[in-house]
Structure formats: C-alpha cells, structure tokens
Amino acid sequence: MKTRIISAIAFFLLLLVAWEAASLLGWVNRILIPAPSDVLRYLYGAVLDGSLASAALVTVKRLLLGYLCGIVIGLPLGLVTARFKLFQDTIGLLALGLQTLPSVCWVPLAIIWFGQTESAMFFVVVMGTLWSVIIATETGVRTIPPIYARAARTMGSRGIHTWVHVMLPASLPFIVSGMKQGWAFAWRSLMAAEIYVTILTGFGLGHLLHYGRELNAMEQVIGVMFVIVVIGLLADKVLFSPWERFLHRRWGTQGSR
Amino acid sequence: MGIQQELENEAPSKLSVRNISKIFHSKHQIVRALDGVSLEINEGEFVCLVGPSGCGKSTLLNIIAGLDQADEGSVLSDGQRISGPGRDRMVMFQEHALFPWLDVLDNVMFGLRLKPNLKTNERREVAKYYLHLVGLDNFLHANIHELSGGMKQRVALARALAPNPKVLLMDEPFGALDALTREQLYRDIQRIWAQRKKTIVFVTHNVREAVCLGDRVVLFSPHPGRIRHEYPITLPRPRDINSVSLAEKSGEILQALKGYLNDGVVTAANSRTPFNTDGAAE
C-alpha cells in the first residue's frame with residue numbers, strides 16, 4: 001500500500017516537473033501550454049477574487065438540482081418498467097434508445113425550446129441523467145433472484161412491503177451503480193450545456209472555461225479543467241463511497257475497489 | 001403477547017393432500033408434474049418425499065407452501081383449505097434465500113417483524129432464542145456472505161422456525177453442503193424437531209438422508225409425478241446416517257426403486273439424474 005502511494009506521488013511530481021521544465025525552457029509554446037506555475041497563479045487569483053468559488057457554486061447547484069430530479073423521476077419509472085409489461089414496452093424502449101444519445105445532443109433542442117435560460121440547463125442535465133437511471137433500476141430489479149420474493153411471501157410479506165423491504169434493497173447494488181452512472185452523465189451534460197448555452201443568470205465553471213478560450217487565457221482553461229476534475233472526484237468520494245462501502249461489507253463482492 | 005407465550009410450541013398441523021394434479025406447459029411439451037397425488041401427513045410427523053428430479057416432489061412442496069397453485073385437487077391444513085402462503089407453514093429452500101442486505105439477526109427478524117402483537121425487543125429475544133437453538137449465538141451481527149454454506153442453512157432454519165409455524169417445509173435444504181456439515185445438520189434437525197414438535201415435509205433425492213430423518217419415506221416416480229410407495233421408518237432416534245440398520249433400510253428402498261427404473265416405468269431418458277445412494281459422500 002505504501003509503495004503504491006509513493007509511486008503515485010512520484011509519477012505526478014515527475015509529470016509536473018517535466019511539464020514546468022518544458023514550458024520554462026521554451027520546448028513548448030508557453031501561450032498554448034502554460035506552465036503549472038502559471039495555472040497555479042491563475043487558480044490563486046481566482047480563489048482570492050472569488051470568481052472560482054462562485055462559478056463552482058453555480059455549477060454544483062445546477063448539477064444537484066438536475067441530478068436529483070433525474071433520480072426522483074428515474075427511480076420509480078425504472079421500478080414500474082421492470083414490473084409492468086406495458087411500461088417495459090413503452091418507457092423501457094424509449095429509455096433504451098435515448099440512453100445511447102450523447103447528452104450534448106440535447107443542447108440545440110434545449111436552446112430552441114427554452115432560450116438561453118436556467119431551464120435549458122436543467123433540461124439538458126435531466127435528460128442526461130434520467131434514462132440511464134431508468135435502465136439501471138430496471139436491470140437491478142430484473143436481476144433479483146425470484147427466490148427472495150418467494151421467501152418473503154412465505155413470511156407474510158405482500159405488495160408494498162415486499163417492494164420496500166425486499167425488491168428495493170435487493171436491487172441496491174444496481175441502483176447505486178445506476179446513480180453513479182447518472183451522476184457521470186449529469187456532470188458531462190452540464191459541462192456541455194454551460195459551454196454552449198451562454199446565459200446571464202449564473203456564471204458556471206463551463207462558462208469560465210469558455211471565456212478562458214475566448215480570452216486566449218490557457219492557464220484559466222487548464223485551471224478550470226483541474227477544478228472540474230477535483231469536483232468530480234470529491235463527489236465520487238462524498239456521494240458514492242459510503243454506499244459502496246456498505247454494499248461491499250454486506251454483499252461481500254460488489255462496489256469494491 | 002409475552003415472549004414465553006410466543007416461544008411455546010404451536011400445535012403441529014395435520015396435512016391432507018387430496019388428489020393433486022399439476023401440469024406445466026413449456027414450449028414443446030406438456031409435463032404432468034403431479035398426477036392425482038394424495039397423501040395424509042399426521043400432526044408432528046416427519047415425512048420425507050424422495051424421487052428423481054422431475055417427479056414433482058418439489059412442486060408438491062410448493063403447493064403445500066401455497067407458493068404454487070394446483071390445477072386439480074386441494075391441500076388441507078387442519079381441515080382448512082390452503083390458498084396461499086401463510087405463517088403457519090414456513091419454507092426452507094435449497095438455496096438459503098437469505099437476504100444479503102440484512103445481517104444474521106435481521107434476517108431471522110424479517111418474518112417476526114411481520115408478526116403482530118410483539119414488541120421490538122421481544123422480537124429480538126425470540127430471534128436470539130432460535131439462533132441459539134441452531135448454534136449461532138456468536139454470529140448475530142455477521143453478514144451473510146461471511147458465513148459457510150452450513151451456517152447459512154442454519155440461519156435459514158432459524159428464520160423458518162422464528163415465526164413459530166405449525167409446519168416446516170424443507171426443499172433439499174442440505175443438497176449443496178459437504179458430507180461432514182450435513183451429518184452435523186442431520187443430528188441438529190432431529191434434535192430441533194423433537195424439541196419444537198413441528199410437522200415436517202422434507203424433499204430430497206438422497207434415500208439415505210430420507211431414511212435417517214423421516215418417520216415415513218414417500219417414494220415418487222416421474223412422468224407423470226406419482227407416489228409409488230410409502231415406507232414407515234421405525235428405527236430408534238436419534239439416528240446416525242452411518243449405522244448399519246439404516247443402511248439396510250435404505251438399501252431395501254433403493255432396491256425397490258431400481259426395480260421401478262428397470263421395469264421401464266421410468267424410461268432411460270427420464271432417469272438422467274441418478275439416485276444418490278451414498279448418504280455421506282456426493
């Protein structure tokens with residue numbers, strides 16, 4: 001374990017040093033590929049003037065709102081899709097098809113329908129999340145061994161009780177991985193939306209990235225990319241790691257790293 | 001209801017299987033899983049249903065459990081027609097069917113939580129009592145995946161016993177276990193049966209196991225599933241699967257069985273699953 005940490009740290013340090021050296025010694029164009037120290041200087045400034053924090057806040061708010069809506073709509077739809085033939089042949093097919101659509105493809109539609117508004121952002125994020133959550137939940141419920149429900153029936157469990165106390169927890173591993181996948185899709189679609197939809201109601205990380213390009217400020221572009229990566233990692237640790245640890249402890253196999 | 005009252009033995013049921021038929025329709029054929037099967041099972045009796053796979057013994061168990069419906073005939077429990085699953089008849093499956101999202105204690109509590117008139121701490125005490133009965137006092141909060149196959153079936157047994165049913169239905173519960181573990185469980189199940197006084201219907205394809213456990217061994221033959229013969233087992237209890245008298249008795253039943261197979265009653269294609277003649281090793 002210790003050697004793994006050391007080798008990881010060594011690798012990234014080496015990468016940074018080589019990059020810095022290449023930039024300072026003029027091996028690469030410093031305008032196009034700014035040195036890590038330039039990026040750091042930008043980040044420091046952006047933290048001080050608050051522009052980074054406010055952009056991150058705007059982005060995370062949009063993300064959470066859209067993601068939660070996607071989950072709240074997607075989970076029950078996934079359950080009924082797994083349970084009823086009618087929903088499987090309708091909503092299920094729709095979800096299967098639209099899931100394959102890269103979420104950035106919703107952007108043109110969203111701009112025409114909602115204009116350059118928060119609603120357009122929201123719409124893109126929900127579309128990016130919803131379908132994969134439906135598919136994951138449906139798969140989860142469908143793969144539950146039927147013996148669980150039979151055993152529960154013999155113990156007097158019926159209807160809603162079976163759903164809440166057997167079907168839902170039994171499909172938890174799939175639901176968590178579906179929610180994780182939904183999160184990844186939401187994150188990607190929001191970035192696409194923020195880069196393409198210029199709006200005045202909130203200045204997010206995607207916009208920061210976009211204007212970095214317009215201003216030819218590559219240290220800003222790379223700095224914001226770095227922040228986006230960090231937020232993605234943090235979300236993974238905060239939102240999903242506890243669930244995955246629980247699943248790993250109880251089920252024994254799933255969700256382990 | 002107090003905990004003492006809850007732990008008192010329920011009076012075991014008398015089961016009457018009356019002229020049960022069950023047909024399965026698959027794509028290419030119609031299978032008569034059970035064809036006019038009748039069977040009387042007395043209060044507190046330990047009955048083993050034996051036969052090759054496809055003889056309908058598990059189907060009959062599921063019908064008694066109320067999990068499946070018969071096409072014809074009926075099953076009565078103490079004179080009451082069975083129409084669905086009920087807490088008076090608990091099932092133990094071959095696959096333990098324990099819930100991996102709950103720990104051992106919560107698995108046993110699952111059925112108890114659905115039982116009205118008990119306080120939460122009473123339910124916990126009841127669950128602990130049954131886990132003690134199956135020898136798992138030290139594993140109350142273990143996760144299911146941490147247990148060995150034998151321990152999982154012990155938890156499943158405790159879970160089935162916990163709601164205090166009148167009938168215990170066991171569907172090849174030891175089929176997937178190794179020989180040593182099984183022998184221990186044969187001793188335990190006889191002890192628990194004597195202590196808790198349940199009517200037990202036990203499905204197996206292992207003749208020796210059936211002779212070891214049953215008051216009566218009921219022999220099934222497949223295509224269509226019918227009862228061939230019944231053998232009362234009068235050997236003294238507790239029985240040891242390795243004892244000579246037990247081996248003699250199971251030899252006798254096996255002989256009869258092979259007779260049926262050779263008579264062409266059961267065609268070669270139908271006897272794909274050979275009988276497990278050796279009670280210990282598989």
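What you see is a predicted model, and the numbers here were worked out from it, not measured in a lab. Reminder, nothing fancy here: chain letters follow the sequence lines and each chain counts from 1.
- For B:Leu102, the part lying near chain A is the backbone, with the side chain staying farther off; criterion is any non-hydrogen pair under 4.5 Å.
- When heavy atoms are compared at a cutoff of 4.5 Å, B:Leu98 approaches chain A solely by way of its backbone atoms N, CA, C and O.
- Counting all heavy atoms, side chain and backbone alike, A:Thr154 lies closest to B:Pro85 at CA-CB, 4.0 Å.
- Across all non-hydrogen atoms, the minimal contact from B:Pro100 to A:Trp251 is CG-NE1, 3.6 Å.
- Here CD1 of B:Ile144 is found 8.5 Å from CZ of A:Arg250. Values are rounded to the nearest 0.5 Å.
- Summarising the local packing, CZ of A:Phe114 is surrounded by more than 12 heavy atoms from other residues, nucleotides or ligands at distances under 6.0 Å.
- At most 12 non-hydrogen atoms from other residues, nucleotides or ligands lie less than 6.0 angstrom from CH2 of A:Trp243.
- Side chain of B:His145 to main chain of A:Arg249: a donor-acceptor pair is present (N/O by atom type, distance under 3.5 Å, no hydrogens or angles).
- Within a 6.0 Å sphere centred on CZ of A:Phe240, heavy atoms belonging to other residues, nucleotides or ligands number more than 12.
- In this structure, B:Phe110 and A:Val166 have side chains that are in contact, with non-hydrogen atoms separated by less than 4.5 Å.
- With rounding to the nearest 0.5 Å, the separation of CG in B:Leu67 from CZ in A:Arg150 is 4.5 Å.
- Dense packing is recorded around CG of A:Leu13, with more than 12 heavy atoms of other residues, nucleotides or ligands lying under 6.0 Å away.
- Take B:Thr204 and apply the side-chain hydrogen bond (donor to acceptor under 3.5 Å, both in side chains) test, not counting sequence neighbours, and it matches B:Glu209.
- At a 4.5 Å heavy-atom cutoff, the contact between B:Asp103 and chain A is made by backbone and side-chain atoms alike.
- Rounding to the nearest 0.5 angstrom, the gap separating the CE atom in A:Met155 from the CE atom in B:Met90 is 5.5 Å.
- Residue B:Glu40 places its CD atom among more than 12 non-hydrogen atoms of other residues, nucleotides or ligands, all under 6.0 Å distant.
- For A:Met167, the CE atom sits in a packed shell: over 12 heavy atoms of surrounding residues, nucleotides or ligands are nearer than 6.0 Å.
- When side chains are defined from C-beta on, B:Phe93 counts as touching A:Ile147, because their heavy atoms get closer than 4.5 Å.
- Looking at B:Asp106, there are no atoms closer than 4.5 Å to chain A (heavy atoms on both sides), in backbone or side chain.
- Side-chain contact between B:Phe99 and A:His165: absent, with no pair of heavy atoms (C-beta onward) separated by less than 4.5 Å.
- Atom NE2 of B:His132 has 12 or fewer neighbouring heavy atoms from other residues, nucleotides or ligands inside a 6.0 Å radius.
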